[in-house]
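Written below as structure tokens is the structure these notes are about.
Numbering starts at 1 and runs along the sequence shown.
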Amino acid sequence: MSMGKAVPPGGTIGILGGGQLGRMLALAAARLGLKTRVYCDNPDSPAFQVCEAHTVGKFEDLAAVTAFAAHCDAVTFEFENVPAATVAHIAQTKAVYPGAHALEMTQDRFDEKSFVQSLGLTTPRFGAVDSGAEARRLFAEYNSRAVLKTRRFGYDGKGQAKPKSADEAAAAFASFKGVPCIMEAFIDFDFEASVIAARGRDGSFAAYDPPENHHENHILARSVVPGRLTREQGAAAKEIARRIATALDYVGVFAVELFVLKDGSLLVNEIAPRVHNSGHWTLEACAVSQFEQHIRAVAGWPLGDPARHADAVMENIIGADALAWERYAARPGALHLYGKAEARAGRKMGHFTEVSPLTRD
Ligand code: AMP
């Protein structure tokens, strides 16, 4: 479907995926007078609690997805493993943003990194691995310091291995049951950062200040803005995002995860075609959060101002941390709990954001 008219207040945005990102998108839409419907395969989806209507169904069930989309004025998604074919199918009858092309490009680590390099941007060195022999060869080529990743469906460290020898590299490939992989040179980065940005239906672009990110057990633990990025690195990160968004003809919010090297350069690690955990601080520190920004883009509204009016530290509340909710509630700052019943290990249960007066614009 082509661009068409903006979805006016009272209209309905459909969201594929019902996790905490969908939940916060639905809350942001409500603030703008827009309704949301959520489609997810999990009957206990956190987003179901805060939307007007929901559908439980498989993402591959094109008939069910089409029936869902018929009730919506525009459709989006909150996680990148929605099949690109499903998004392409919806696009035959409904405006869906971001489009299937952007989704497909970011679902495969090899395609994504090749695309990023084609724009003249830098990624870690990488190569395709389809056999144990290739795993051994690239491991040696990268001086025995490398990360093996499945090309598709990896997240929070799943589908990743850090072999210590060529034998371990071949064994890691076998442990992924022969699915296509990539080997990446291991990067001794100084720290990690990300840039969250948005592109509107009209091609307008807005980027938030890039946070510094800290991971524990492969899961984001904390985002700090401003982090250690210099003003120049912040500007360079936003320019990277702009080039990616333009080349993909992207509509909506997305994140680019970056490695910041000791020499100051920025490497692109990964593109997430959706709102991102490292952007949750925008709820308190910006007039228009990443969630509202995404809804604005999808609905064809003008993008909001991404300017930051405060410094912020966002901490994830993971697994059993959530049992200490009373302690978080007593702390000065903003507590967000996602309405998940079971505090399983490694599960993102909520987050907490502390804001303080702006120290640097
Ligand atoms: P990813 O799923 O690709 O975002 O990787 C998850 C995390 O693993 C990253 O945030 C890094 O902390 C680490 N990591 C991934 N790739 C590399 C690499 N090539 N070199 C060093 N660390 C990496």
Problem set entry | Any side-chain donor near an acceptor of the partner, Ser356 and Asp311, under 3.5 Å | no

Taking the side chain from [X] and the backbone from [Y], do they hold a donor-acceptor pair closer than 3.5 Å?
| X | Y | value |
| --- | --- | --- |
| His294 | Val253 | yes |
| Arg308 | Ala310 | yes |
| Trp301 | Val7 | yes |
| Asn269 | Leu258 | no |
| Lys149 | Ala161 | no |
| Lys238 | Val195 | no |

Answer yes if [X] and [Y] sit in the same cluster of Ile, Leu, Val, Met, Phe, Trp and Tyr residues linked by side chain heavy atoms under 4.5 Å apart, and no otherwise.
| X | Y | answer |
| --- | --- | --- |
| Val251 | Ile196 | yes |
| Val179 | Phe173 | yes |
| Val260 | Ile187 | no |

Exercise. By side chain to side chain contact (heavy atoms under 4.5 Å, CB included), which residues pair with Asp167, not counting sequence neighbours?
Worked result: Arg136, Ser165

Problem set entry | Those residues that, when tested against Asp305, pass side chain to side chain contact (heavy atoms under 4.5 Å, CB included) (two or more places apart) | Ala307

Problem set entry | Cationic N near anionic O, under 4.0 Å, Arg145 to Asp188 | yes

Exercise. Using 4.0 Å as the upper bound for N to carboxylate O, is an ion pair formed by Arg31 and Glu292?
Worked result: yes

To the nearest 0.5 Å, what is the distance between [atom1] on [X] and [atom2] on [Y]?
| X | Y | atom1 | atom2 | answer |
| --- | --- | --- | --- | --- |
| Thr150 | Ile182 | OG1 | CD1 | 9.0 Å |
| Ile15 | Arg274 | CD1 | CZ | 14.0 Å |
| Ser114 | Leu119 | OG | CG | 11.0 Å |

What residues form a salt bridge (Lys or Arg N to Asp or Glu O under 4.0 Å) with [X], not counting sequence neighbours?
| X | answer |
| --- | --- |
| Asp321 | none |
| Arg152 | none |
| Arg327 | none |
| Glu257 | none |

For this session: Return the set of residues passing side chain to side chain donor-acceptor pair (under 3.5 Å) with Gln117 (not counting sequence neighbours), or none when no residue passes.
Result: Thr123

Sequence neighbours excluded - salt bridge (Lys or Arg N to Asp or Glu O under 4.0 Å) pairs with any residue from [range]:
| range | answer |
| --- | --- |
| residues 44-65 | none |
| residues 109-134 | Arg109-Glu270, Asp111-Arg151, Lys113-Glu184, Arg125-Glu141 |
| residues 11-27 | none |

For this session: Kindly state each residue pair satisfying ring-ring contact (aromatic ring centres under 6.0 Å, His included) with at least one member in residues 327-347, sequence neighbours excluded.
Result: Tyr328-Phe352, His336-His351, Tyr338-His351

Exercise. Got a sec, which pairs hit ring-ring contact (aromatic ring centres under 6.0 Å, His included) with one end in residues 239-259, sequence neighbours left out?
Worked result: Phe189-Phe259, Tyr250-Phe254

Problem set entry | Centroid separation Phe291 to His280 less than 6.0 Å | yes

Exercise. With ring centroids as reference points, do Phe115 and Phe110 lie under 6.0 angstrom apart?
Worked result: no

Problem set entry | Atom NZ of Lys177: over 12 foreign heavy atoms under 6.0 Å | no

Problem set entry | Arg228, CZ atom: more than 12 neighbouring heavy atoms under 6.0 Å | yes

